[in-house]
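In what follows, a single structure is set out as C-alpha cells and then discussed.
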Amino acid sequence: MTSPTSLLALLRSRTTVDCDTLDVDVATSLGPFQDCTSNQAIAFNELQESQHEALLQSSIDLARKLAGDFEKVSLTELAIEISMVSLSLRMAPHVKGFVHVQTNPSYSYSTSKTIENARRILDLFKHVDRDFDTSRVCIKVPSTWEGLQACRTLQATGITTLATTLFTLAQAALAGNVGCHYIAPYLNELRVQTEPGYKGDAPLFELCVAAQTYYKHHNFSTKVLPASLTSIDEIMLLAGVDHITIAPKLLRELASTKVDPSYIANLPSLFDEVKTIADKIPPKLAFADNEDAFRLAMTRDSNGGNEGKLIQAINIFCDVQLKMEAMMRERGTV
C-alpha cells in the first residue's frame, strides 16, 4: 500500500511553486520554492513584526547615507525600498530562482518613473549586499500601458520583469509583445484579499489558461504565474500552469492535506482541457506600438469591469504605500 502524499507535493509534480511571502520560516519549512514573490502589502505586513525593528532602522540609516546618490526620491521612499530589498535578501538563500520586488504603485502611470524605480531597486541590492547576483531580481510592474512600456525598456536592457495586477488578455498580449518574463493574472480581484467578506466576481480561471495557451501557440517565452488565490480548490484547478505563487496559509493547508498518490491520475485541472480552449484563442495581438487599440481593448473587456479591477488594485497598493511611508516617518525620515 502506498503512503499518502500531500496536495502540495502533487501540485509540485505539475507546476513550479513559488512562495508569496517574505517570511523566512515559511520558505524553510514548506520549501523548496523556485521564486519568492512579494508586493507592498506583503512587505508592510512583514515589517510590522517586532523582529524587524532593527531592519527598519538600518534601512533608514542607509537611506540617509545614500540620499545624495538618489536625489530624485525622498528619504522616506528610499528607506521603504531599502527595507523591501533587505527582506528579499533574507529570502534569497531559501529559493532557487528570483526574488520579486514591486515598483512603487504611485508610478503606475509613468513609464519613466517606473524605469528609474526599477533601476534604483537593482542599485539598492548592491548597496545592501554587494555580492548579491542582481540577475536573480525580478521587477514587478503594474500592467498599465505605461507600466508595460517600462517593462519593454527594462527587458531590452537585461532586467527581468513581471507584469502584475493583470486581468485581461489584452494585458497578457502586450506583456508578451514587450518581452515580460512572467505575467501574474490575479485570479481574484485584490479587494477579495483585503476586505473580509467581499466575494467579487467569479475567479478568472479562463484567463490563466487562455494566456498560457496563447503564449505557447504564438511562441512567446512569457510564463504565466497566477496570484491572488483564496482556496486550495482554486489552486489545484490550476495545476499545470507554468508557475503559481501561494500565500503561507494556503501553503500550510496544501501541505497538511494528505491524499493517495494515485489521486494524481484523476487530479482535476483546467489545463487538461486546453485543446478545447485553444480554439478560442485569437490571432496574435500586436499592442506594443498601438496604445489606442490597447486602451480600447481594456475598456471593452467585460464592459470595463476588468479594467476597474486594475484600477482598484493600484488604489489598494497605493494605500499600502502610504502606510509604509507613515511607518518610516514615525521612525524619523521626515
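Because only heavy atoms are used, hydrogens play no part in the values below, and waters and symmetry mates are left out as well, while side chains stay in. All values reported here derive from a predicted model rather than from experimental measurement.
- Under the ring-ring contact (aromatic ring centres under 6.0 Å, His included) criterion, F98 pairs with H181, not counting sequence neighbours.
- Looking at S88 and M84, their side chains never come closer than 4.5 Å, going by heavy atoms from C-beta outward.
- Side chains of M91 and C19 form a contact here, defined as non-hydrogen atoms less than 4.5 Å apart.
- The shortest side-chain heavy-atom distance between R119 and T157 falls under the 4.5 Å cut-off.
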> Y186 and L204: side-chain contact (heavy atoms from CB on, under 4.5 Å), yes or no, with the steps?
Replying inline: CA-CA 7 Å; Y186 272 32; L204 298 177; over 6 Å; no
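- With hydrophobic clusters built from ILVMFWY side chains whose heavy atoms lie under 4.5 angstrom apart, V259 shares a cluster with L237.
- For residues 13-40, there are no ring-ring contact (aromatic ring centres under 6.0 Å, His included) pairs, not counting sequence neighbours.
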> Which is it for S135 and D133 under the side-chain hydrogen bond (donor to acceptor under 3.5 Å, both in side chains) test, yes or no, and what are the steps along the way?
Replying inline: CA-CA 5 Å; S135 69; D133 179 5; 2.7 Å; yes
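- For residues 177-189, the set of pairs meeting the salt bridge (charged side-chain N to carboxylate O under 4.0 Å, His left out) definition, not counting sequence neighbours, is empty.
- Expressed to the nearest 0.5 Å, how far OG1 of T257 lies from CG of L250 amounts to 10.0 Å.
- Under 3.5 Å, the side chains of T161 and Q155 contain a donor-acceptor pair of N or O atoms.
- Clustering ILVMFWY residues whenever any of their side-chain heavy atoms sit less than 4.5 angstrom apart, transitively, puts L238 in the very cluster that holds L251.
- The shortest side-chain heavy-atom distance between Q312 and I316 falls under the 4.5 Å cut-off.
- Taken to the nearest 0.5 Å, the CG atom of L207 stands 6.5 Å off from the CD1 atom of I183.
- Other residues, nucleotides and ligands contribute at most 12 non-hydrogen atoms within 6.0 Å of the NZ atom of K249.
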>> Could you walk me through whether V241 and R14 satisfy the side-chain contact (heavy atoms from CB on, under 4.5 Å) test, starting with their C-alpha distance in whole Å, then the side-chain angles of each, then the deciding distance to 0.1 Å, before giving a yes or no?
In response: CA-CA 8 Å; V241 72; R14 298 196 61 179; over 6 Å; no
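- When the side chains of ILVMFWY residues are joined at heavy-atom separations under 4.5 Å, either directly or via intervening members, M324 and V73 end up in a single hydrophobic cluster.
- Screening residues 73-96 for salt bridge (charged side-chain N to carboxylate O under 4.0 Å, His left out) gives E77-R120, E81-R120 as the qualifying pairs, with residues at least two apart or on separate chains.
- The hydrophobic clustering, which links ILVMFWY residues whose side-chain heavy atoms are closer than 4.5 Å, places V320 and M328 together.
- With hydrogens and angles left out, the side-chain atoms of S228 and N188 include no donor and acceptor closer than 3.5 Å.
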> Going through the checks in order, is the side-chain contact (heavy atoms from CB on, under 4.5 Å) test met by F271 and T15?
Replying inline: CA-CA 11 Å; F271 285 86; T15 290; over 6 Å; no
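- For V178 against L148, the heavy-atom pair with the smallest separation is CG2-O, 3.6 Å.
- Pairs of residues two or more places apart, or lying in two chains, that qualify as salt bridge (charged side-chain N to carboxylate O under 4.0 Å, His left out) and include a residue from residues 151-163 are R152-D289.
- Between F132 and F125, the two ring planes are parallel [angle under 30°; tilted spans 30° to 60°].
- Taking each heavy atom of I311 and Y109 in turn, the nearest pair found is CG1-OH, 4.1 Å.
- A distance of 10.0 Å separates CG in L225 from SG in C208, rounded to the nearest 0.5 Å.
- By the neighbour-count criterion of 12 heavy atoms within 6.0 Å, atom CG of D69 is densely surrounded, having more than that number from other residues, nucleotides or ligands.
- The ring-ring contact (aromatic ring centres under 6.0 Å, His included) check on F44 picks up nothing, with sequence neighbours excluded.
- Summarising the geometry, atom OG1 belonging to T134 is positioned 12.5 Å from atom CD1 belonging to I121; distances are rounded to the nearest 0.5 Å.
- Remark: Q51 engages E46, E49 in a side-chain contact (heavy atoms from CB on, under 4.5 Å) (not counting sequence neighbours).
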> Yes or no on salt bridge (charged side-chain N to carboxylate O under 4.0 Å, His left out) for D61 and R64, after CA distance, side-chain angles and deciding distance?
Replying inline: CA-CA 5 Å; D61 292 343; R64 289 197 179 101; 3.7 Å; yes
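- Under a cut-off of 6.0 angstrom, the local environment of NZ in K199 is sparse, with at most 12 non-hydrogen atoms contributed by other residues, nucleotides or ligands.
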> Could you go step by step and tell me if K223 and T16 meet the side-chain contact (heavy atoms from CB on, under 4.5 Å) rule?
Replying inline: CA-CA 11 Å; K223 302 297 182 185; T16 300; over 6 Å; no
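- Within the structure, the salt bridge (charged side-chain N to carboxylate O under 4.0 Å, His left out) test picks out the following pairs touching residues 309-324 (sequence neighbours left out): D201-K309.
- Under a hydrophobic-cluster definition in which Ile, Leu, Val, Met, Phe, Trp and Tyr are linked whenever side-chain heavy atoms come within less than 4.5 Å, directly or via other members, V17 and V95 are assigned to the same cluster.
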Side chains of residues 293-301: which donor-acceptor partners sit under 3.5 Å, not counting sequence neighbours?
| residue | atom | partner | partner atom | Å |
| --- | --- | --- | --- | --- |
| R295 | NE | E291 | OE2 | 2.8 |
| R295 | NH2 | E146 | OE2 | 2.7 |
| R295 | NH2 | E291 | OE2 | 3.1 |
| T299 | OG1 | R295 | O | 3.1 |
| T299 | OG1 | E307 | OE1 | 3.2 |
| D301 | OD1 | N306 | ND2 | 2.7 |

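- Taking CG of L310 as the start and OG1 of T168 as the end, the distance is 8.0 Å to the nearest 0.5 Å.
- Side-chain contacts under 4.5 Å among hydrophobic residues (ILVMFWY), followed directly or transitively, place Y198 together with V192.
- Annotation: side chain of K113 is not in contact with side chain of K72 (no heavy-atom distance under 4.5 Å).
- Every residue was checked against the ring-ring contact (aromatic ring centres under 6.0 Å, His included) condition with H217, not counting sequence neighbours, and none meets it.
- A pairwise comparison of heavy atoms in A172 and L166 identifies N-CD1, 3.7 Å as the closest pair.
- Considering I139, I159, T153, V141 as possible partners of I115, the one that fulfils the side chain to side chain contact (heavy atoms under 4.5 Å, CB included) test is T153.
- Taking both residues in full, the closest heavy atoms of A173 and Y214 are given as CB-OH, 3.8 Å, listed atom of the first, atom of the second, then distance.
- Looking at I42 and Q102, their side chains never come closer than 4.5 Å, going by heavy atoms from C-beta outward.
- Remark: the S106 side chain and the N104 side chain contain an N/O donor-acceptor pair separated by less than 3.5 Å.
- Looking at heavy atoms from C-beta onward, P142 lies in side-chain contact with T103 at the 4.5 angstrom threshold.
- Considering only heavy atoms from C-beta on, D242 comes within 4.5 Å of K216 through its side chain.
- Residues forming a ring-ring contact (aromatic ring centres under 6.0 Å, His included) with Y182 (at least two apart in sequence, or on another chain): H100, H243.
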